[in-house]
Amino acid sequence: MAIYLTKESKVLVQGMTGSEGMKHTRRMLAAGTNVVGGVNPRKAGRTVDFADRAVPVFGTVADGMRVTAADVTVVFVPPAFARAAVVEAADAGIDLAVVITEGIPVHDSVAFTTYAREKGTRVVGPNCPGLITPGQSNAGIIPADITKPGRIGLVSKSGTLTYQLMYELRDTGFSTCVGIGGDPVVGTTHIDCLAAFQDDPDTELIVLIGEIGGDAEERAADYVREHVTKPVVGYIAGFTAPEGKTMGHAGAIVSGSSGTAQVKKEALEAAGVSVGSTPTETAKLVLERLEARLGEQRQ
């Protein structure tokens, strides 16, 4: 099992013929992703050769869905065109839009995440690494060879920390890893992923990676307290951030004591989440709590 993305997912790539789109489409195909087409209105009707596979290019998302039955799109278009790309995908009725593009104006992100939600399209991102279900499918830029299938679900604001925890826990493996992005406005939240992992029968433990700024982690803590019965392990990036400095993602804005790493850590721990002080300690906590949970199930 997995959340949001499986081996059955059929993926379109908006911006596939650009340099980043080409590079990461090649990597997604190598990871086993079923990439069924690209979207570029200026190159519709062409095909692009990737090793042993020729991928067709469609003029619109709707055309690609009609021919291929695609249910996922990965967006690699420049920031100025991202809003239109997501709106087009939502209008076509696609289930999932993974927006890799960074530098999108906040008002555009507000507009397209709201529009997509109204249309029934889930947005992951923007400014995110995407998501991967190891051994099944990879939609985005997450390296596919640093982990294996397993029983841990991971949701993270940080792409780099997503990769690090995947690597630290590579011998244990993951059900799905979701990089939700660190912008002030994102389409899929920690809470969305917590709910999905809670409902996934093959996810035994959830890792939540947050960072300074905003109150997403505090809200996630409230949700864990009320709704999550599986063990949750957390890590908050930014304990060593110097006061008064702008750091990291656009969403990492601290106002007074609100949004600090310490406040977030305390909120999560009050909800029963084990919080590591470093990624390596976090990985150790994951292994300890996972073994405890599996031991309880064996009794």
Side-chain angles (χ1 to χ4, degrees), residues 3-5 9 11-18 20-21 24 37-42 44 58-66 70-131 139-141 155-159 178-196 210-211 213-220 223 246 248-253 255 259:
I3 69 168
Y4 306 149
L5 187 73
S9 300
V11 178
L12 292 173
V13 181
Q14 289 173 266
M16 186 183 76
T17 56
E20 288 299 302
H24 290 293
V39 179
N40 184 330
R42 293 176 309 216
F58 300 98
T60 66
V61 173
D63 289 343
M65 290 178 64
R66 184 167 52 251
D71 53 1
V72 178
T73 183
V74 184
V75 179
F76 282 103
V77 304
F81 305 106
R83 176 176 176 175
V86 178
V87 167
E88 177 188 332
D91 280 339
I94 205 149
D95 292 338
L96 175 65
V98 183
V99 186
I100 307 301
T101 308
E102 63 178 322
I104 299 172
V106 173
H107 60 80
D108 281 0
S109 295
V110 170
F112 71 65
T113 55
T114 301
Y115 188 81
R117 192 174 301 114
E118 291 170 351
K119 290 287 188 175
T121 294
R122 173 172 297 283
V123 172
V124 172
N127 187 18
C128 77
L131 65 161
I141 64 174
V155 52
S156 173
K157 277 185 177 180
S158 165
V178 186
I180 60 174
D183 279 3
V185 176
V186 294
T188 294
T189 66
H190 286 117
I191 291 174
D192 294 327
C193 294
L194 287 167
E211 65 184 11
D215 66 349
E217 294 79 7
E218 290 89 338
R219 286 184 280 115
Y223 186 86
T246 300
H249 290 138
I253 301 170
S255 301

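These figures come from a predicted structure and were not determined experimentally.
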* Asked: How far does CG of Asp71 sit from CG of Leu12, to the nearest 0.5 angstrom?
  ->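 Interatomic distance, Asp71 CG to Leu12 CG, rounded to 0.5 Å: 9.0 Å.
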
* Roughly how far, to the nearest 0.5 Å, is the CD1 atom of Ile141 from the CZ atom of Phe76? ->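 Reported value, rounded in 0.5 Å steps: 6.5 Å.
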
Restricting to side-chain hydrogen bond (donor to acceptor under 3.5 Å, both in side chains), what partner residues turn up for [X], sequence neighbours left out?
X      : value
Thr114 : none
Thr113 : none
Ser9   : none

* To do: Determine, stepwise, if the pair Val39 / Met16 fulfils side chain to side chain contact (heavy atoms under 4.5 Å, CB included).
  => CA-CA 7 Å; Val39 179; Met16 186 183 76; over 6 Å; no

* Heavy-atom check, side chain of Arg122 versus side chain of Asp192, under 4.5 Å ->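 Yes; the side chains approach each other to less than 4.5 Å.
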
* For the residue pair Ile180 and Cys193, establish whether any side-chain heavy-atom pair is separated by less than 4.5 Å. =>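 With C-beta onward as the side chain, the pair touches.
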
* To do: Give a yes or no on whether Phe81 atom CZ has more than 12 heavy-atom contacts from other residues, nucleotides or ligands under 6.0 Å away.
  =>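 Not buried by this count: 12 neighbours or fewer within 6.0 Å.
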
Looking at every non-hydrogen atom in both residues, tell me the closest pair between [X] and [Y] and how far apart they are.
X      : Y      : answer
Gly179 : Cys128 : O-CB, 3.1 Å
His24  : Gly140 : CB-O, 4.2 Å
Phe58  : Gly37  : CE1-CA, 4.0 Å
Gly210 : Glu217 : CA-OE2, 3.3 Å

* Spell out, as yes or no, whether a donor-acceptor pair under 3.5 Å connects the side chain of Asn40 to the backbone of Arg42. =>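 Yes, because the side chain of Asn40 sits within donor-acceptor range (under 3.5 Å) of the backbone of Arg42.
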
Only pairs under 3.5 Å count here: list side-chain donor-acceptor contacts from residues 84-105, not counting sequence neighbours, and write none if there are none.
{"unit_1": "Glu88", "atom_1": "OE2", "unit_2": "Val61", "atom_2": "N", "d": "2.7"}
{"unit_1": "Asp91", "atom_1": "OD1", "unit_2": "Tyr115", "atom_2": "OH", "d": "2.4"}
{"unit_1": "Thr101", "atom_1": "OG1", "unit_2": "Val77", "atom_2": "O", "d": "2.6"}

* Asked: For His190, which residues count as a ring-ring contact (aromatic ring centres under 6.0 Å, His included) partner, sequence neighbours excluded?
  ->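 His190 satisfies ring-ring contact (aromatic ring centres under 6.0 Å, His included) with no other residue.
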
* By salt bridge (Lys or Arg N to Asp or Glu O under 4.0 Å) - contacts of Arg66 (at least two apart) ->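 Per chain and number, Arg66 pairs via salt bridge (Lys or Arg N to Asp or Glu O under 4.0 Å) with Asp63.
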
